[in-house]
Amino acid sequence: MRPASRSTAACSPRPRSAPWSLRGRRHRYRGEPLQDAYAVRLSADGRWVIAAVADGLGSTQHAEHAAAVAVRAATNLSLTPGLGWHAAFATIAGEVMRATSRLGDRRTGRHGAGASDPPATTLTIGVVPADGRRGIAACAAIGDSPALWLHDGTWTELFPPEGQRPGNVTSALPDDLGELRERQIDWGPGDVLVLCSDGFGTAMGGGGSVLAQRLVTSWSSPPALRSFLCDVDFHLSTYDDDRTVLALWAGRHDTAVL
């Protein structure tokens, strides 16, 4: 279990964030590291909350390093909803390549092809207004780490699966910049944005599962930490992957973000 770390807290109330990562049973059994990573911070000008979740591809070597570099690079950028996302992801891809260049073998060109592939990771980024007022928020993603938006009691999966892929293959950084998807949403009090790895996103079922419908009520406002952890740390025999959830609540709350 890895709790969120907090640095400088803002003086005025900000949107509430609640991140958490759990190493999956499969990785615990094999003695393998957590391959998910997350980061969340307030932009330097105080206008935006920038959040990122990455899921290192388990079929590649040292995937946890790629994920950690990706979220750190993403939240170090000056991101806004109107940003040119391709340039931002190209910068992040370059950081991943430089940081992991000595960790992997020669590229095969196919993610999921084998354990000799170099480090690779999905990446999903969210940027929301930090002042608690209505405005435009944005998400962008490469890979299958979901982003879900709770608005007026209904979940919307911002990047639903496209086409048919083998179950263990997804687009990923640093290679697949052409697979970038982006979306803007109308953001206002009462909304929730959830970025997660597929270890949690699969259980959400695109917003239509029993878990997702229960969270419509229990996450209508920021829950207590214990309740949030119970919601994330459910036990089902078929869900043994790493599980990372980063939730952002719109409006003005009494807990500052990074």
Side-chain angles (χ1 to χ4, degrees), residues 1-25 27-28 33-43 46 48-55 67-68 71-72 74-75 124-132 137 139 145-151 153 155 187-204 207 209-236 239-258:
M1 250 181 239
R2 183 177 63 193
S5 61
R6 294 188 180 276
S7 57
T8 54
C11 294
S12 59
R14 300 285 183 178
R16 174 76 175 271
S17 70
W20 201 258
S21 276
L22 301 167
R23 187 167 58 143
R25 290 194 302 273
H27 285 163
R28 293 199 301 269
L34 173 73
Q35 293 177 332
D36 291 353
Y38 69 81
V40 57
R41 75 172 181 89
L42 196 63
S43 64
W48 308 103
V49 176
I50 303 168
V53 166
D55 183 353
V71 297
R72 183 170 63 248
T75 53
T124 300
I125 302 173
V127 180
V128 305
D131 60 7
C139 281
S145 294
L148 296 111
W149 175 38
L150 180 59
H151 176 73
W155 289 104
W187 180 254
D191 286 359
V192 185
L193 178 64
V194 174
L195 311 182
C196 55
S197 61
D198 59 358
F200 183 81
T202 300
M204 290 289 284
S209 69
V210 173
L211 171 65
Q213 293 309 302
R214 180 168 61 80
L215 295 183
V216 168
T217 300
S218 60
W219 287 8
S220 61
S221 60
L225 178 59
R226 182 183 296 273
S227 296
F228 178 76
L229 298 183
C230 288
D231 289 333
V232 173
D233 192 19
F234 54 81
H235 295 281
L236 292 173
Y239 294 93
D240 59 358
D241 198 3
D242 294 340
R243 192 179 303 165
T244 295
V245 184
L246 200 165
L248 299 170
W249 281 264
R252 301 181 69 83
H253 303 289
D254 62 358
T255 300
V257 300
L258 300 178

Could you report the tightest heavy-atom contact between [X] and [Y], atom names first, then the distance?
X      : Y      : value
Gly201 : Pro146 : CA-CG, 3.8 Å
Ala130 : Gly46  : CB-O, 3.5 Å
Pro223 : Ser218 : CB-O, 4.0 Å
Gln213 : Gly207 : NE2-O, 2.8 Å
Leu246 : Ala39  : CD1-O, 3.6 Å
Gly199 : Arg243 : O-NE, 3.8 Å

Tell me whether the rings of Trp249 and Trp219 are parallel (<30°), tilted (30 to 60°) or perpendicular (>60°).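 If you compare the ring of Trp249 with that of Trp219, the planes turn out perpendicular.
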How long is the span from the CG atom in Leu225 to the SG atom in Cys230, to the nearest 0.5 Å?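 It is 9.5 Å, given to the nearest 0.5 Å.
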To the nearest 0.5 Å, how far apart are OH in Tyr38 and CG in Leu195?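 Separation between the atoms: 13.0 Å.
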Flag side-chain contact, heavy atom, 4.5 Å: Val40 against Ile50: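 Val40 vs Ile50: side chains apart.
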Should Asp231 and Leu215 count as side-chain neighbours, where that means a heavy-atom distance under 4.5 Å?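 Contact flag for Asp231/Leu215 side chains = yes.
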Output yes when a side-chain donor or acceptor of Ser145 lies under 3.5 Å from a complementary backbone atom of Thr124, and no otherwise.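 No; judged by distance alone, with no hydrogens or angles, the pair does not exist.
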Where the side chain of Thr244 meets the backbone of Ala37, is there a donor-acceptor pair that is under 3.5 Å apart?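 Checked: no pair found.
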State which residue, out of Ile125, Val128, Leu148, Leu193, fulfils the side-chain contact (heavy atoms from CB on, under 4.5 Å) condition with Cys139.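 Going through the options one by one, the only one that passes is Leu193.
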Test of understanding: with side chain to side chain contact (heavy atoms under 4.5 Å, CB included), list the residues that count as partners of Leu150, not counting sequence neighbours.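 By the side chain to side chain contact (heavy atoms under 4.5 Å, CB included) rule, Leu150 matches Trp155, Val192, Val216.
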